[in-house]
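Structure record follows, encoded as structure tokens.
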Amino acid sequence: MCGQVGIIFGRKRRRPDERDYLREVFIRMLLHSEERGPHASGLARLKTDGSHRIFKRPMRAHELVYEKPFQELLGQVDNETTILMGHTRWRTRGNELNNRNNHPIRAGIVIGTHNGTIYNADYLFRRLRLPRYAEVDSELIFRLADRFAPEGPIDQEGLKKALALCRGQMSAVLTSRLDPGTITVLKGNKPLCLRIHRQHRVVLYASDDAFIDFAVVNEKGWRELEVPPMTMLTIRHEDVRAIENSEFRFIPQERKGTLPEGVNA
Ligand SMILES: NC(=O)CC[C@H](N)C(=O)O
């Protein structure tokens, strides 16, 4: 498993009470997501000027939220913040005691989280001569995106061609520090639910719909974005309602050693 949760912020002058509310929503989603990933947890925050902070540790989400850096990082959420990305990790490749293996992962100018396992990651790292900083397979996705972001923005068509070589499972969320107002969401063969709120001008995402339900309780105005598997979404800080989507491909495979059985959500 592994859990991805986050908030993509559209441009808006939010008052402190709305920012506090959205911070709380994020914390609640992350805490509920702990059941999907007990080995490590983490979060990243990016701003329009490209500044970022990542905090991750091999501990459960309910412990992470009491750490001072966690609270500092959330405290820095302001009107220039473009995304808060969170992750709870169920380790597959790479020990969590090496913090490099935990998510969010930074690879060059790209920062992201991943749910799934890329079975041929070692091979692709070698074949494509990609730098490697950690042992976790997920780094591959972000190295590929980094390679296709020579001038800042991620070249999505180039990235799609490279992703087509990957075999396994993936849903991922990523952005470039040189283009932090553009968020790429890859909904592949792992669950990822998205919901938009027009007045808040944010998009929430989570690996399980229930995490969003728990976080927003009965607040009105949330609308589900129906996204089929194998979709690449582009969501922009400028206007979170103007979402672009297109198909992307890789070789879906449920378990190592079994034959691909098509797409599984
Ligand atoms: N369970 C997962 O989705 C794991 C993600 C990634 N393969 C890791 O080990 O961190």
Side-chain angles (χ1 to χ4, degrees), residues 1-6 29-44 54-61 63-64 85-107 110-126 128 130-146 162-163 165-175 184-194 205-211 227 229-231 248 250-258 260-261 263-265:
M1 282 210 277
C2 269
Q4 303 185 94
V5 295
M29 291 196 298
L30 191 72
L31 289 173
H32 282 291
S33 175
E34 179 178 307
E35 66 182 53
R36 289 185 64 94
H39 300 121
S41 46
L43 79 169
I54 299 177
F55 178 60
K56 53 184 181 176
R57 287 287 180 270
M59 55 172 65
R60 290 173 178 262
E63 296 163 334
L64 192 88
M85 51 169 85
H87 190 266
T88 56
R89 180 170 185 228
W90 190 295
R91 143 201 17 99
T92 64
R93 299 277 186 279
N95 194 301
E96 70 275 16
L97 295 178
N98 176 354
N99 204 35
R100 294 177 177 191
N101 291 326
N102 300 325
H103 307 227
I105 292 171
R106 184 167 76 76
V110 171
I111 296 178
T113 62
H114 168 224
N115 173 201
T117 308
I118 309 299
Y119 294 124
N120 57 348
D122 292 347
Y123 167 74
L124 290 175
F125 267 112
R126 283 196 306 273
L128 304 173
L130 292 165
R132 191 167 193 178
Y133 175 75
E135 297 134 14
V136 64
D137 55 297
S138 313
E139 184 183 354
L140 177 81
I141 298 169
F142 310 118
R143 288 284 168 205
L144 289 174
D146 180 57
L163 289 175
L165 303 172
C166 296
R167 181 166 50 79
Q169 307 134 24
M170 98 169 77
S171 281
V173 177
L174 55 142
T175 187
T184 302
V185 177
L186 300 169
K187 176 167 171 172
N189 55 348
K190 284 290 187 183
L192 197 60
C193 309
L194 295 104
Y205 65 85
S207 299
D208 188 327
D209 241 349
F211 303 158
V227 183
M230 311 308 273
T231 302
F248 80 106
F250 57 95
I251 308 158
Q253 186 176 340
E254 265 315 300
R255 277 207 192 83
K256 197 170 188 176
T258 58
E261 283 182 56
V263 178
N264 251 305

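Because only heavy atoms are used, hydrogens play no part in the values below, and waters and symmetry mates are left out as well, while side chains stay in. When a ligand or atom number is given, it counts from 1 through the structure's own listing order.
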Name the orientation class of the two ring planes belonging to His39 and Trp90 (parallel below 30°, tilted from 30 to 60°, perpendicular beyond 60°).
perpendicular
Distance (rounded to the nearest 0.5 Å) between Cys166 SG and Ile251 CD1
8.0 Å
Measuring from Gln253:CD to Ile118:CD1, what's the distance to the nearest 0.5 Å?
10.5 Å
Under 4.0 Å from ligand 1, counting heavy atoms only, is it the side chain of His103, its backbone, both or neither?
side chain
Check each heavy atom of Cys2 against ligand 1 and say whether those closer than 4.0 Å belong to the side chain, the backbone, both or neither.
both
Atoms of ligand 1 under 4.0 Å from any heavy atom of Met1, numbered from 1 in the order shown, are 1 (N), 2 (C), 3 (O), 4 (C)
Going through the distances and angles, do Leu130 and Leu140 end up as a side chain to side chain contact (heavy atoms under 4.5 Å, CB included)?
CA-CA 8 Å; Leu130 292 165; Leu140 177 81; 3.6 Å; yes
Give a yes-or-no answer on whether the side chains of Asn102 and Arg91 include a donor-acceptor pair shorter than 3.5 Å.
no
Out of curiosity, is Lys190 lining ligand 1, as in a heavy atom under 4.0 Å away?
no
Distance under 6.0 Å and angle within 45° of ring axis: Arg100 vs Tyr133:
yes
Among all protein heavy atoms, pick out the one at the shortest distance from atom 5 (C) of ligand 1; state its residue, atom name and that distance to 0.1 Å.
Gly116 O, 3.1 Å
Can you tell which part of Asn115 has a heavy atom less than 4.0 Å from ligand 1: side chain, backbone, both or neither?
both
Arg93: numbered ligand 1 atoms lying under 4.0 Å from its heavy atoms:
9 (O)
Salt bridge Arg132-Asp122, side-chain N to carboxylate O under 4.0 Å:
yes
Go through ligand 1 atom by atom and flag the ones less than 4.0 Å from a non-hydrogen atom of Trp90.
1 (N), 2 (C), 4 (C)
Between Asp137 and ligand 1, find which residue part has any heavy-atom pair under 4.0 Å and reply side chain, backbone, both or neither.
side chain
Please confirm whether Ser138 approaches ligand 1 to less than 4.0 Å, judged on its heavy atoms.
yes
Please confirm whether the ring centroid of Phe248 lies under 6.0 Å from the ring centroid of Phe250.
yes
Closest by any non-hydrogen atom to atom 8 (C) of ligand 1: pick that one out of Arg89, Arg36, Glu96, Glu135.
Arg89
